[in-house]
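One structure is given below, encoded as structure tokens.
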Amino acid sequence: MRTLKVAMIGYGFMGAAHSQGWRTAPRMFDLPAAPEMSVIVGRRADAVAAAAQRWGWAESATDWREVVARDDIDVVDVVTPGGSHAEIAAAALDAGKHVLCEKPLANTVAEAESMAAAAERAQARGALSMVGFTYRRVPAATLARDLVARGKVGHIRQVRAAYRQDWLVDPQAPLAWRLQKEHAGSGALGDIGAHAVDMVQFITGRRVQRATGVVETIVEERPLPASEQAGPATQTGRVTVDDLALFTGRLDSGALAAFEATRYATGRKNALTVEVSGERGALFFDLEDLNTLQFYDRTAPEDQQGFTRISVTEPSHPYLSGWWPPGHLLGYEHGFSHQVKDLVEGIDSGTPPHPSFAEGLHVQRVLDAVQRSAAQDSVWVDV
Ligand code: SOE
């Protein structure tokens, strides 16, 4: 069987999650090609060597440029903070590698445009690319999209999406890279709002065309991380991104979508919800209850109407063929295995996988429209 030698650039939280996907997908699904975890790359030699050992990468390295240029590498998986996505992904694509890039695609529209152009050039030479929006690969999310496509909720009039976390409610939470514009581009808006936008566009099959919104930084000054503290007094730094974003999107179908992305939803740990309201029915997805999809069927007899809880664990449900019997639940990490499955199958068949860099670019345009609207005191802005 053809092997696909993989290089992963980065080794933080997403490095751990992607490693789980690369390790597990070939063992649980009958893939047409065999991904090999060849090399993991990070700046600190000792730390990245430990990560290679822990997560099952054959080698570790500290120079991503050298690794991306290696002839024996087929796939480059970019899991660094958004500030380095454009440079690494473009170099890998120009070197003829297939590229998986974490979300959001980039920190700016300009960077995302250059990445989408590089992806188009590379695709003409047979090198494919994909953006790491894994929540669309939770079986219940893919089922939601299938039910919408089959007309089960009818014409969609309104959508609600929220992604709520609370890890910044503590004003002493340190100034991590996700709180600095030069590394993250934006705060909750790009980090988790991007997921909400991708999920709404994926499930409805529509795109956000206009947006108006507000962004807010609640805690403007935070202690530097312990590793950057020097001397007796606690040093602090400025937060240069949003803690929360509230925005409205107009879909190209005319439907209105309300979005919330916040790191200040006290008690909410990783609560991504999407509700779709149509003329014939409704769907409700909750990441914190990810093995279930709630479905309301207005065409059911009046005395039997109500939100039903579909248990998305049947072999016929998306991706479940690779896992367990009905009722044996999946978790957060399975979306990363599904991501590897879809990427490897796309590479083997030469079929560009989704979401493409062009789709990632559109999400970036939506985020940018929200920021432009917020900067103009939230007037409506064309995406
Ligand atoms: C933020 O804490 C975060 O790790 C995001 O960066 C991820 O994209 C999201 O899946 C989980 O939360």
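Both ligands and their constituent atoms are indexed starting at 1 by order of listing.
- Side-chain polar atoms of S84 and E87 form no donor-acceptor pair below 3.5 angstrom.
- Heavy atoms of R263 stay at 4.0 angstrom or farther from ligand 1.
- Each of the atoms 7 (C), 8 (O), 9 (C), 10 (O) of ligand 1 lies under 4.0 Å from some heavy atom of H195.
- The nearest heavy-atom contact from the protein to atom 2 (O) of ligand 1 is Q165 OE1, 3.5 Å.
- Shortest contact from atom 5 (C) of ligand 1 to any protein heavy atom: D191 OD1, 3.2 Å.
- Between N107 atom CG and L367 atom CG the span is 10.5 Å, to the nearest 0.5 Å.
- A side-chain contact (heavy atoms from CB on, under 4.5 Å) with L329 holds for exactly one of V312, T313, T292; it is T313.
- Salt-bridge annotation for R137 and D342: present, with a side-chain N of the basic residue lying under 4.0 Å from a carboxylate O of the acidic one.
- At a 4.0 Å heavy-atom cut-off, ligand 1 touches Y163 through the side chain alone.
- Listed by atom number, the atoms of ligand 1 under 4.0 Å from R178 heavy atoms are 1 (C), 4 (O), 6 (O).
- Each of the atoms 9 (C), 10 (O), 11 (C) of ligand 1 lies under 4.0 Å from some heavy atom of Y135.
- Side chain to side chain, Q180 and T240 fail the donor-acceptor criterion of an N or O pair below 3.5 Å.
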- request: Could you give me the CA-CA distance, side-chain angles and deciding distance for V276 and I203, then say whether side chain to side chain contact (heavy atoms under 4.5 Å, CB included) is met?
  value: CA-CA 9 Å; V276 173; I203 290 173; 3.9 Å; yes

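- Here is the list of ligand 1 atoms found below 4.0 Å of a heavy atom in F13: 4 (O).
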